[in-house]
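Every heavy atom of this structure was used, including side-chain atoms; hydrogens, water molecules and symmetry mates were not. Since we're looking at a predicted model, the values are computed, not measured.
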Amino acid sequence: NFGGVRETALASNNIISGRTNISSTMIGVLSLVSPTELLYNTIFMTSSQPSTVVGFYSANMEPALHPEFANFAGTPPGRVINNIFSLSSYNGAGCGVMGALETMHTNDDALAHLAGPTTLANNDFFIAGDCSVLAVYGDQPTAITDQMIVTVADLNAKTRFAPTDTSSISGNLAVDPKFVNTATYDFSLTASSSCIDAGLEFETGWFDINGTARPQGAGVDVGAFER
């Protein structure tokens with residue numbers, strides 16, 4: 001749906017949605033050797049058949065191993081803040097749903113964290129389905145080992161992350177965003193949504209996808225719409 005490859009990329013106030021009735025791989029946002037930033041987006045993807053569904057997939061490479069990517073190799077993604085990742089897959093134990101997944105091609109454990117965002121804050125990871133893998137985050141704490149982080153409590157505590165990981169992780173949620181009507185692609189928030197006022201106001205002067213100033217309440221809302 002969206003991919004930053006060897007470029008600086010900013011995606012904000014977007015709706016990225018996808019549905020499929022066949023087994024497939026669905027990725028909302030791909031960041032390949034790119035300092036990509038995601039701010040205030042709503043990503044909704046669902047499959048009625050066994051699929052691999054990933055909201056944000058970031059991959060990076062060690063500069064010494066890939067000099068052809070020297071401009072951006074070893075440069076991690078930037079801020080991933082105030083996004084909704086509503087993801088699901090059904091009808092198969094072999095499927096997998098992950099809010100975010102990072103992969104680093106390196107032989108140096110100290111560099112393993114460079115595929116992860118510098119800041120991962122106040123995102124809503126609503127993961128659903130009957131898959132064998134349901135995780136909010138897939139991390140690579142060493143050069144050869146992957147860890148699935150299942151709960152936002154572990155994610156916010158940076159449980160199982162490498163000690164060398166310098167990323168800032170906090171305030172992430174795991175709640176039903178309560179969209180108005182996904183069947184008609186209305187991804188605005190109902191009044192009872194826990195995403196309302198739950199965002200991080202990292203900068204002033206932001207507007208939502210409709211041009212509404214943020215915030216409208218006690219805090220900014222998570223996702224593309226401000227209520």
Engineer: Could you walk me through whether S88 and V97 pass the side chain to side chain contact (heavy atoms under 4.5 Å, CB included) test, one step at a time?
Structural biologist: CA-CA 6 Å; S88 60; V97 182; 5.6 Å; no

Engineer: Under a 4.5 Å cut-off applied to non-hydrogen side-chain atoms, are I169 and Y137 in contact?
Structural biologist: no

Engineer: Out of curiosity, does F44 fall in the hydrophobic cluster containing F85 (side-chain heavy atoms, cut-off under 4.5 Å, transitive links)?
Structural biologist: no

Engineer: Answer with yes or no whether the hydrophobic clustering places V222 together with L120; edges join I, L, V, M, F, W, Y residues whose side-chain heavy atoms lie under 4.5 Å apart.
Structural biologist: no

Engineer: Centre of F207's six-membered ring, under 6.0 Å away, within 45 degrees of the axis: is that where NZ or CZ of R214 sits?
Structural biologist: no

Engineer: Does some side-chain heavy atom of F56 sit less than 4.5 Å from a side-chain heavy atom of L38?
Structural biologist: yes

Engineer: Verify, without hydrogens or angle tests, whether N181 (side chain) and D186 (backbone) share a donor-acceptor contact under 3.5 angstrom.
Structural biologist: no

Engineer: Evaluate the side-chain proximity of T20 to S51: yes if any heavy-atom separation is below 4.5 Å, no if none is.
Structural biologist: yes

Engineer: When you measure from the side chain of D154 to the backbone of I149, do you find a donor-acceptor pair of N or O atoms at a distance under 3.5 Å?
Structural biologist: no

Engineer: Where do R79 and T118 come nearest, in terms of heavy atoms and distance?
Structural biologist: N-OG1, 3.9 Å

Engineer: Quick check: is F126 connected to L173 through a chain of hydrophobic side chains (ILVMFWY, heavy atoms under 4.5 Å apart)?
Structural biologist: no

Engineer: Do F202 and Y40 have ring centroids that are under 6.0 Å from one another?
Structural biologist: yes

Engineer: Using the rule that two of Ile, Leu, Val, Met, Phe, Trp, Tyr join whenever any of their side-chain heavy atoms come within less than 4.5 Å, decide whether V136 and M26 are in one cluster.
Structural biologist: yes

Engineer: If you compare all heavy atoms of N122 against all heavy atoms of N172, which two are closest, and at what distance to 0.1 Å?
Structural biologist: N-OD1, 3.4 Å

